[in-house]
Amino acid sequence: MTPLGSLWIGPLGRLHEVRDAATEFDRSIGLGVEEFAALSGGITTTRLAAPPRRLALSWSAMAPSEAQWIEALARNVFGPGPLAVIDPASRNLLEGGQSQGYGPRSAYTMAGWGSLVERADRVMTITNPRDSDQLHFEHSHWFGWPVAAGLPVHMATGLPEARCHLSFWAADQSFVSEAGPAPNLTAVPPAGAVFVLPRLILRAWSGAKAVGPAVLRMGDPVTADEIGTLGDGCPAMTVTAYTDKARPPHRDLTLNLVEVRRTPR
């Protein structure tokens with residue numbers, strides 16, 4: 001199986017592995033915090049509720065074939081749509097709340113007899129499910145999580161009464177194949193797959209139980225002690241800056257990206 005190792009970036013259905021390692025790789029998040037000081041000495045702050053994620057990468061002496069791909073993305077050769085980015089530092093592609101079993105409620109869809117509730121402390125609970133009820137994880141931008149041919153997808157859950165299930169879908173949102181269910185699941189995207197939809201298949205229980213942590217990853221398998229790893233998400237991103245300094249036969253490049261979001265539902 002292919003470990004992640006490299007940066008994967010491109011339009012949906014055309015994720016490309018950039019094998020040249022970036023010499024600089026900044027994943028810092030701009031929190032958008034504003035600080036206000038009153039004349040009395042009191043301090044108040046405001047901040048963005050969900051700060052957009054940013055990436056700043058640079059490559060020194062990049063191979064021509066790799067540089068051409070980055071240039072094509074910067075120039076919108078494949079169209080103006082946002083890019084899918086799977087970076088090698090990401091250990092969980094679920095959103096932060098999803099990775100811990102927290103809200104918002106809009107990050108999940110429940111199918112079946114059980115009820116899904118977000119408590120005041122943001123913990124998500126399921127009450128009185130029946131066998132084969134399903135909890136779907138929702139991507140914040142796309143129909144599902146983007147996948148790349150040959151790059152295995154792994155999913156694991158910390159909920160003992162649940163098993164993981166992965167379904168693969170084409171660009172037109174037509175079904176391609178599925179894998180699972182299993183507590184710790186691995187599947188390789190088949191030909192024609194553009195998205196993966198992760199979900200939990202539940203066993204029946206009485207009363208309310210917390211959804212708990214889960215992991216969705218591409219490349220390296222998930223070990224038991226990694227369940228609960230904070231999710232980085234898999235944001236849709238767009239290029240905000242690009243530089244290209246030629247040193248034939250190589251090129252020095254920089255690429256800046258920022259997360260783009262749909263209007264909240």
Taking the side chain from [X] and the backbone from [Y], do they hold a donor-acceptor pair closer than 3.5 Å?
X	Y	answer
N184	V222	yes
E259	P52	no
T23	S58	yes
W59	D20	yes
H154	G219	yes
N92	L230	no

_Pair W113, N128 - check side-chain contact (heavy atoms from CB on, under 4.5 Å), show working._
CA-CA 7 Å; W113 294 90; N128 298 331; over 6 Å; no
For residues [X] and [Y], report the shortest heavy-atom separation together with the two atoms involved.
X	Y	value
G114	M110	O-CG, 3.7 Å
C164	P183	SG-O, 3.5 Å
A191	V176	O-CG1, 4.0 Å
G228	V215	N-CG2, 4.1 Å
P146	I86	O-CD1, 4.0 Å
L202	P129	CD1-CB, 4.1 Å

_Students often mix this up, so state it plainly: with edges at 30° and 60°, are the rings of W145 and H139 parallel, tilted or perpendicular?_
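Ring orientation, 0 to 90° scale: perpendicular.
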Just wondering, do [Y] and [X] contact through their side chains at under 4.5 Å, heavy atoms?
X	Y	answer
D232	R27	yes
I227	T157	no
H16	E66	yes
V211	Q98	no
L55	F25	yes
L93	V153	no
I9	W69	yes
L197	Q173	no

_From F195, F143, W142, residue fulfilling ring pair (Phe, Tyr, Trp, His ring centres under 6.0 Å) relative to W169_ =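 The residue from F195, F143, W142 that satisfies ring pair (Phe, Tyr, Trp, His ring centres under 6.0 Å) with W169 turns out to be F143.
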Would you compute the distance between atom [atom1] of [X] and atom [atom2] of [Y] and round it to the nearest 0.5 angstrom?
X	Y	atom1	atom2	result
K245	R251	NZ	CZ	14.0 Å
E71	L255	CD	CG	11.5 Å
Q100	R122	CD	CZ	11.0 Å
L257	L57	CG	CG	7.0 Å
L135	L159	CG	CG	9.0 Å
D244	I70	CG	CD1	11.0 Å

*F78 vs L83, side-chain contact (heavy atoms from CB on, under 4.5 Å): CA-CA, chis, key distance, verdict*: CA-CA 10 Å; F78 307 110; L83 303 174; over 6 Å; no
Would you kindly confirm whether [X] and [Y] end up in one hydrophobic cluster when ILVMFWY residues are joined by side chain heavy atoms under 4.5 Å apart?
X	Y	result
V147	L12	no
L151	L94	yes
Y242	V77	yes
M124	I126	yes
F168	V194	no

*Hey, mind stepping through E226 and T223 against side-chain hydrogen bond (donor to acceptor under 3.5 Å, both in side chains) and telling me if it holds?*
CA-CA 5 Å; E226 292 179 297; T223 59; 3.0 Å; yes
*Can you check side-chain contact (heavy atoms from CB on, under 4.5 Å) on R163 and R203, steps first, answer last?*
CA-CA 8 Å; R163 294 164 295 163; R203 298 187 179 96; 3.5 Å; yes
*With the threshold set at 4.0 Å, does a side-chain nitrogen-carboxylate oxygen contact exist between R54 and D26?*
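No.
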*If you draw a 6.0 Å radius around CZ in R105, do more than 12 non-hydrogen atoms from other residues or ligands fall strictly inside?*
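Enclosed: over 12 neighbouring heavy atoms sit under 6.0 Å from CZ of R105.
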*Kindly check if the number of other-residue, nucleotide or ligand heavy atoms within 6.0 Å of OH (Y108) is above 12?*
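Above 12, so yes.
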*Apply the test side-chain contact (heavy atoms from CB on, under 4.5 Å) to residues H250 and M62: give CA-CA distance (whole Å), side-chain angles for both, the deciding distance (0.1 Å), then the verdict.*
CA-CA 5 Å; H250 301 290; M62 196 176 202; 6.0 Å; no
